Visitor: 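One structure, pasted below without further comment.
If you're wondering where the values come from, they're calculated on a predicted model, not measured in any experiment.
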Amino acid sequence: QVQLVESGGGLVQAGGSLRLSCAASGRTFSSYAMGWLLQAPGKEREFVAGIIKGGGSTVYADSVKGRFTISRDNAKNMVYLQMNTLTPEDTAVYYCAANMYSRNYYSSASYDYWGQGTQFTVSS
């Protein structure tokens with residue numbers, strides 16, 4: 001079992017930055033990959049960013065490349081999403097999720113455990 005708790009949501013102006021954090025507990029954190037996914041109102045959950053269990057490789061959705069950075073600290077059991085140059089289109093509930101078997105990062109079905117989500121809104 002893995003428990004995930006996100007934090008860092010809120011309200012930010014367009015063009016601003018925000019960092020989301022996710023604290024993991026349960027299974028050995030360095031043994032599984034992690035991802036961030038979002039769900040906008042009325043839409044399906046979609047992939048944002050993923051990071052391998054060792055942290056040395058990352059993948060991103062095209063919509064966030066160059067603006068968002070995923071990172072992890074295995075010593076602290078934490079994963080982060082640094083978001084820059086935010087736009088109102090980034091408004092959503094953001095989830096961190098554990099990909100226990102390093103399956104297709106881009107598919108929400110690959111993630112085995114999810115946090116409760118953290119909402120943030122980008123105002124124009």
Side-chain angles (χ1 to χ4, degrees):
Q1 289 286 336
V2 173
Q3 294 78 43
L4 302 168
V5 179
E6 303 97 337
S7 60
L11 178 66
V12 62
Q13 287 192 328
S17 298
L18 195 68
R19 188 176 84 156
L20 302 181
S21 301
C22 174
S25 60
R27 296 270 297 272
T28 302
F29 184 61
S30 59
S31 69
Y32 52 90
M34 290 293 297
W36 285 95
L37 299 93
L38 66 81
Q39 188 164 23
K43 295 189 177 181
E44 296 284 321
R45 203 168 287 189
E46 62 184 65
F47 171 76
V48 176
I51 188 165
I52 66 171
K53 51 191 175 183
S57 181
T58 57
V59 291
Y60 296 93
D62 288 344
S63 59
V64 306
K65 279 181 183 175
R67 299 190 300 124
F68 290 13
T69 302
I70 186 172
S71 61
R72 66 190 293 162
D73 185 336
N74 286 348
K76 295 182 178 179
N77 291 359
M78 297 290 294
V79 63
Y80 306 98
L81 186 68
Q82 177 66 42
M83 304 179 291
N84 300 325
T85 319
L86 288 163
T87 74
E89 289 69 38
D90 295 317
T91 296
V93 177
Y94 282 70
Y95 298 88
C96 68
N99 185 343
M100 304 303 288
Y101 305 104
S102 298
R103 293 174 294 192
N104 178 9
Y105 286 85
Y106 296 89
S107 171
S108 61
S110 298
Y111 295 86
D112 305 281
Y113 298 98
W114 296 77
Q116 82 286 353
T118 186
Q119 166 78 49
F120 83 87
T121 301
V122 182
S123 63
S124 57

Visitor: Using every non-hydrogen atom in the two residues, find where Ser124 and Ala14 come nearest and quote the distance to one decimal.
Guide: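 Closest approach of Ser124 to Ala14: CA-CB, 4.2 Å.
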
Visitor: Quick one: are Met78 and Ser21 in side-chain contact, heavy atoms under 4.5 Å?
Guide: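 Yes, their side chains come closer than 4.5 Å.
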
Visitor: Step by step, work out the side chain to side chain contact (heavy atoms under 4.5 Å, CB included) result for Met83 and Tyr94.
Guide: CA-CA 12 Å; Met83 304 179 291; Tyr94 282 70; 4.1 Å; yes

Visitor: Are Phe68 and Tyr60 an aromatic pair, judged by ring center distance below 6.0 Å?
Guide: no

Visitor: Using every non-hydrogen atom in the two residues, find where Val79 and Cys96 come nearest and quote the distance to one decimal.
Guide: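 Distance-wise, the nearest heavy atoms are CG1-CB, 4.4 Å.
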
Visitor: Report yes or no: is the cationic atom of Arg72 (NZ for Lys, CZ for Arg) closer than 6.0 Å to the six-membered ring centre of Tyr80, at no more than 45° off its axis?
Guide: no

Visitor: Might you point out which heavy atoms bring Ser123 and Leu11 nearest each other, and give the distance in Å?
Guide: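 Nearest heavy atoms, Ser123 then Leu11: CB-CD1, 4.2 Å.
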
Visitor: Does a salt bridge link Asp112 with Arg103, judged by any charged N lying under 4.0 Å from a carboxylate O?
Guide: yes

Visitor: Quick check for you: to the nearest 0.5 Å, what is the distance between Ile51 atom CD1 and Met34 atom CE?
Guide: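 Ile51 CD1 to Met34 CE: 9.5 Å, rounded to 0.5 Å.
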
Visitor: In Å, rounded to the nearest 0.5 Å, how long is the span from CD of Glu44 to CD of Gln39?
Guide: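 It comes to 7.0 Å.
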
Visitor: Any chance you could lay out the side chain to side chain contact (heavy atoms under 4.5 Å, CB included) test for Glu6 and Trp36, step after step, and finish with the verdict?
Guide: CA-CA 10 Å; Glu6 303 97 337; Trp36 285 95; 3.9 Å; yes

Visitor: Treating Ser31 as the side-chain partner and Thr28 as the backbone partner, does any N or O pair qualify as donor plus acceptor under 3.5 Å?
Guide: yes

Visitor: Is there a path of hydrophobic side-chain contacts, each under 4.5 Å between heavy atoms, that joins Trp114 and Tyr106?
Guide: yes

Visitor: Checking Gln119 against Thr91 for the side chain to side chain contact (heavy atoms under 4.5 Å, CB included) test, could you report, in this order, the C-alpha distance in whole Å, the side-chain angles of both residues, the deciding distance, and whether it holds?
Guide: CA-CA 8 Å; Gln119 166 78 49; Thr91 296; 3.9 Å; yes

Visitor: Quick one: does any side-chain atom of Thr118 pair with a main-chain N or O of Gly9 as donor and acceptor, under 3.5 Å?
Guide: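 Side chain of Thr118 to backbone of Gly9: a pair is present.
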
Visitor: Is there a side-chain contact between Gln82 and Ser17, using heavy atoms and a 4.5 Å cut-off?
Guide: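 Touching, per the 4.5 Å side-chain cut-off.
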
Visitor: If I take atom OG from residue Ser63 and atom CD from residue Glu46, how far apart are they, to the nearest 0.5 angstrom?
Guide: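 Going from OG on Ser63 over to CD on Glu46, the span is 6.5 Å.
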
Visitor: Going by heavy atoms in the side chains, are Val5 and Cys22 under 4.5 Å from each other?
Guide: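 Sidechains of Cys22 and Val5: no contact.
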
Visitor: Checking Ser30 against Lys53 for the side chain to side chain contact (heavy atoms under 4.5 Å, CB included) test, could you report, in this order, the C-alpha distance in whole Å, the side-chain angles of both residues, the deciding distance, and whether it holds?
Guide: CA-CA 5 Å; Ser30 59; Lys53 51 191 175 183; 5.7 Å; no

Visitor: Any side-chain heavy atom of Val2 within less than 4.5 Å of one from Met100?
Guide: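 A side-chain contact under 4.5 Å exists here.
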
Visitor: Kindly compute the distance separating CD1 (Ile52) from CG (Asn99), expressed to the nearest 0.5 Å.
Guide: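 Going from CD1 on Ile52 over to CG on Asn99, the span is 11.5 Å.
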
Visitor: Only one of Thr121, Val122, Leu18, Val12 passes side-chain contact (heavy atoms from CB on, under 4.5 Å) with Asp90; say which it is.
Guide: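 So, applying the side-chain contact (heavy atoms from CB on, under 4.5 Å) to Asp90 and each of Thr121, Val122, Leu18, Val12, only Val122 qualifies.
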
Visitor: Would a hydrophobic clustering, with Ile, Leu, Val, Met, Phe, Trp and Tyr connected at side-chain separations under 4.5 Å, put Tyr105 with Tyr32?
Guide: no

Visitor: Identify whether Leu37 and Leu81 are in the same connected component of the hydrophobic contact network (ILVMFWY, side-chain heavy atoms under 4.5 Å).
Guide: no

Visitor: Would you kindly confirm whether Phe120 and Phe47 end up in one hydrophobic cluster when ILVMFWY residues are joined by side chain heavy atoms under 4.5 Å apart?
Guide: no

Visitor: Report the distance from atom OG of Ser25 to atom CD of Gln1, rounding to the nearest 0.5 Å.
Guide: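 Here the rounded value is 10.0 Å.
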
Visitor: Hey, quick one: are Leu38 and Tyr111 part of the same hydrophobic cluster, counting side-chain heavy atoms closer than 4.5 Å, chains of contacts allowed?
Guide: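 Leu38 does not cluster with Tyr111.
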
